[in-house]
Amino acid sequence: MTRPTAQSAPAPWQDPSLPSEERVDLLLAQMTLEEKAAQLRGLWVGADTSGEGVAPHQHDMEEPPSWEEAVAHGLGQLTRPFGTAPVEPAAGARSLARAQREIAAANRFGIPAQVHEECLTGFTAWTATVFPSPPAWGAAFDPDLVERMAAAIGERMRRVGVHQGLAPVLDVARDLRWGRVEETVSEDPYLVGTVGSAYVRGLQSAGIVATLKHFVGYAASRGGRNLAPVSMGPRELADTVLPPFEMALRHGGAASVMHAYNDNDGLPAAADAGLLTGLLREEWGFEGTVVADYFGIAFLETLHRVAGSPGEAAALALSAGVDVELPTLHCYGEPLLEEVRAGRVPEELVDRAVRRVLLQKCELGLLDEDWAPEPQEDDLSLDTGDQRALARRLAEESVVLLANDGVLPLADRGRIAVVGPNADTAEALMGCYSFPSHVGAQHPDVPLGLEMATLLEALHTELPGAELVHVPGCTVDGDDTSAIAEAVEAARGAEVCVAVVGDRAGLFGRGTSGEGCDVTDLRLPGVQQELVEAVAATGTPVVLVLLTGRPYALGALADRTAAVVQAFFPGQEGAPAVAGVLSGRVNPSGRLPLGVPGDPGGQPTTYLGPPLAGPGEVSSVDPTPLFPFGHGLSYTRFGWSDPVLDGAAVEPGAEPAEVGTDGEVTVGCTVRNEGAVAGTEVVQLYLSDPVARVTRPVRRLVGYARVDLEPRAGRRVEFTVHADLSAYTGPDGRRIVEPGDLELYLAASSADPGLRVPIRLRGPERTVDHSRHLLSRARVDGSADGSADAG
């Protein structure tokens with residue numbers, strides 16, 4: 001059977017007026033085993049620059065099959081036709097459309113492939129806007145803006161024929177040595193979950209399936225090494241690592257999940273039926289697709305060694321609940337078919353996965369009678385003014401001012417020495433999963449395809465009255481110190497020195513940050529610390545600017561520098577954003593999503609630790625961060641006052657107010673801008689459980705709000721917090737809300753004493769599950785007197 005022509009009647013499964021489940025069942029009943037299995041695998045392709053078609057690519061395993069062989073029975077997914085090599089968007093769209101026509105014509109039912117791409121910092125395609133990296137999203141504390149960014153990314157992807165995006169990453173950072181910290185939002189699960197959910201909502205509003213990565217535990221690997229074993233207890237898994245996925249499924253509606261590469265306590269995630277079926281589907285009710293991380297099913301045989309052949313690997317993954325093999329056909333090809341024909345894998349498991357795949361294709365319109373692969377829009381440009389404006393705003397909101405003795409903002413006069421390897425290179429602004437870093441580095445003869453200023457160029461624009469003297473001084477990761485002397489001379493002859501240091505993103509050791517670019521400690525790469533120490537020794541005030549994918553230990557530099565500015569790969573518009581902060585045009589409002597350590601060896605640690613995780617007399621190691629989670633300064637001063645609980649003032653030393661173990665409270669305060677310039681404060685709400693049946697974090701984030709304030713103005717901020725947010729996994733494995741005393745803190749960081757609001761939960765202990773309240777509700781009133789506006 002082929003897709004009916006315009007003159008013939010459509011097949012029932014092509015009728016969009018019928019329920020999707022009915023359409024899929026009608027189609028599935030007619031499919032052979034070979035046709036069903038074809039829907040469970042991808043094919044790695046690249047679009048032809050001429051627009052003539054796509055061709056198989058292979059980055060691992062054996063030689064790829066011919067195109068005709070690969071699509072003979074249909075095809076589940078096309079892997080990264082735009083993200084494999086540089087291709088002009090219009091040519092890529094024509095190439096993809098031609099391939100989709102060929103796929104549909106080659107199988108009896110005319111089913112096209114679902115097309116996926118990477119999109120973590122924007123559509124990973126040549127000439128597409130590069131947005132800030134996920135830690136920058138976290139630093140902005142602005143989920144609404146992240147949602148708008150993701151919608152803009154998705155809209156351009158859908159225009160050229162893409163259906164699925166492999167983002168967001170919801171791993172909670174656990175060890176800053178891990179190279180993929182640059183892909184994580186934060187070390188805090190609440191911030192990861194709320195920002196990640198916003199990204200999902202935005203991407204899927206544009207008709208792109210969002211894929212949650214990496215399910216689960218990937219960022220907690222031993223030694224911070226990529227694709228290493230994970231030794232994690234069930235409590236850490238339940239209370240720290242899983243909640244962002246719960247939020248993104250329930251409050252984002254994510255339609256796809258990607259399994260992680262790692263094993264958890266010896267059980268690889270790709271073979272974990274308890275995780276992918278028991279928890280994800282049976283307990284949480286997830287109905288979308290589970291896709292493999294690239295080659296993850298084959299890794300069950302080749303790396304994890306829990307399977308003896310590709311067929312055994314296919315059987316393990318399919319049984320566990322992995323529906324689609326990516327990036328290309330291997331285990332779910334002939335090896336799976338042999339397992340089914342031999343009776344070792346029930347065909348019902350194939351049907352289960354195919355039904356999920358076809359339901360998603362149905363919802364994307366790929367089974368409709370009027371489906372057509374050709375772009376419906378004339379404008380296929382991937383870098384628009386609107387997108388750059390969003391990128392600029394997010395970059396500006398994400399820059400964190402860590403320290404400042406008054407040297408900032410910079411004066412637009414005099415001589416400024418600009419040193420450091422990241423001052424005059426655009427690559428310092430982009431993360432590993434941006435197209436220029438991820439793919440473009442393999443094509444050095446191809447132009448960048450984007451308008452992107454370096455920080456040095458942006459400073460020239462920002463400070464036209466100043467004389468800028470530029471000397472790199474060293475490279476990012478080299479050991480040559482011979483050019484440091486020239487940088488020292490430049491600093492000695494200047495009124496201020498801006499030292500721009502940090503990372504270069506890359507893959508598998510070809511950078512200092514990114515996938516496979518793990519480190520043994522958190523000292524700045526190469527000889528960059530020596531460079532900063534040398535220019536600081538001149539006595540000229542030094543402004544340290546960090547363009548990085550992870551925080552680095554700054555304990556040896558903090559006292560030697562006059563100011564410290566942190567930007568986490570701020571993207572295409574990052575240079576003018578950082579320059580704007582340095583000049584004072586932008587009042588910094590970013591707050592740290594990841595604590596900055598003092599000592600390069602004081603890892604792994606995050607602020608989410610029980611009392612024994614902090615400093616004490618029993619150990620000579622002090623893990624206290626130099627700059628804590630949530631920290632960030634401004635060019636104005638903020639005052640916090642008048643804490644309230646359910647509308648009543650909270651007096652110092654007051655007895656805890658009582659609320660039921662199934663109740664909620666509203667806490668708030670007044671925030672005033674006590675300075676002479678407009679600014680934005682980020683009010684953070686932390687919860688502390690002083691006495692519990694298992695050790696608990698001293699503090700953990702349960703709410704936040706950005707508060708924009710004109711000079712001398714004040715606004716009221718309130719959070720409504722349900723008792724469920726105090727839940728934790730008890731000694732017997734149940735997640736419970738128990739009676740007892742709690743403390744809520746309205747604070748400017750995880751280490752700020754803030755305003756304490758004590759409460760007491762009364763009533764029976766409650767067992768809660770995935771349906772519990774996961775979020776607090778924030779409200780920002782228009783003024784300190786309570787006149788309301790949009791909060």
Side-chain angles (χ1 to χ4, degrees), residues 41-67 70-71 75-100 102-103 112-130 153 156-167 208 211 213 258 291-296 298 324-330 373 380 382-383 430-450 505-508 510 514-516:
R41 55 195 185 229
L43 183 66
W44 198 326
V45 297
D48 189 276
T49 56
S50 68
E52 290 301 309
V54 298
H57 284 250
Q58 190 70 26
H59 296 246
D60 204 347
M61 311 301 167
E62 72 280 346
E63 285 300 309
S66 69
W67 173 253
V71 304
L75 186 65
Q77 293 239 1
L78 283 171
T79 293
R80 298 176 65 181
F82 290 88
T84 296
V87 60
E88 191 273 327
R94 291 194 302 270
S95 176
L96 177 58
R98 178 187 292 268
Q100 287 281 51
E102 293 175 359
I103 294 168
Q114 190 165 321
V115 181
H116 76 261
E117 292 282 357
E118 298 284 0
C119 58
L120 188 63
T121 59
F123 184 11
T124 305
W126 189 56
T127 73
T129 305
V130 178
I153 294 170
R156 289 288 146 176
M157 293 171 70
R158 194 64 198 258
R159 282 194 184 201
V160 296
V162 178
H163 309 108
Q164 182 168 355
L166 303 188
I208 298 293
T211 308
K213 299 162 59 173
M258 174 181 281
V291 301
D293 204 343
Y294 284 11
F295 309 111
V324 181
E325 180 177 26
L326 298 180
T328 205
L329 68 161
H330 182 62
L380 299 183
L382 302 180
D383 182 33
M430 298 177 288
C432 174
Y433 269 80
S434 66
F435 186 88
S437 297
H438 202 76
V439 181
Q442 304 166 39
H443 302 271
D445 297 332
V446 176
L448 187 65
L450 296 168
L507 284 166
F508 306 113
R510 296 190 292 273
E515 185 171 359

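None of these values were measured; they are calculated from a predicted model. Throughout, numbering of the chain's residues begins at 1 and tracks the sequence.
Counting only heavy atoms from C-beta outward, the side chains of Q164 and E117 never approach each other to under 4.5 Å. Side-chain contact between C432 and L507 is present, with at least one heavy-atom pair separated by less than 4.5 Å. Using a 4.5 Å heavy-atom threshold, the side chains of K213 and D293 count as separate. Residues V439 and W126 are not in side-chain contact: their nearest non-hydrogen atoms beyond the backbone lie 4.5 Å or more apart. Residues S95 and V87 have side chains not in contact (no heavy-atom distance under 4.5 Å, counting atoms from C-beta outward). A 4.5 Å side-chain heavy-atom check between L96 and F82 finds at least one atom pair inside the cut-off. Residues L382 and T127 meet the side-chain proximity criterion, which asks for heavy atoms closer than 4.5 Å. F435 is not listed as a side-chain neighbour of L450, based on a closest heavy-atom distance of 4.5 Å or more.
By the side chain to side chain contact (heavy atoms under 4.5 Å, CB included) test, A292 pairs with H259, I297, V322, sequence neighbours left out. Listed by chain and residue number, D379 satisfy the salt bridge (Lys or Arg N to Asp or Glu O under 4.0 Å) test with R156 (two or more places apart in sequence, or in another chain). The ring-ring contact (aromatic ring centres under 6.0 Å, His included) test applied to H438 returns Y433, not counting sequence neighbours. For the side chain to side chain contact (heavy atoms under 4.5 Å, CB included) test, residues two or more places apart in sequence or in another chain that qualify with A167 are C119, L120, Y199. Take L326 and apply the side chain to side chain contact (heavy atoms under 4.5 Å, CB included) test, not counting sequence neighbours, and it matches Q77, T79, H116, V291, Y294, V324. Partners of Q100 according to the side chain to side chain donor-acceptor pair (under 3.5 Å) rule, which considers only residues two or more places apart in sequence or in another chain, do not exist here.
Atoms CG and CD1, on L75 and I103 in that order, are 5.0 Å from each other to the nearest 0.5 Å. Atom-to-atom distance recorded for H163:NE2 and M157:CE is 10.5 Å, nearest 0.5 angstrom.
Nearest heavy-atom pair across L78 and A113 is CG-CB, 3.8 Å. Minimum interatomic distance between I208 and G165 (heavy atoms only, all atoms of both residues): CG2-N, 3.4 Å.
Remark: the backbone N or O of M258 is not paired with any side-chain donor or acceptor of T211 at under 3.5 angstrom. With hydrogens and angles ignored, the 3.5 Å screen pairs no side-chain donor or acceptor of T84 with any backbone N or O of P81.
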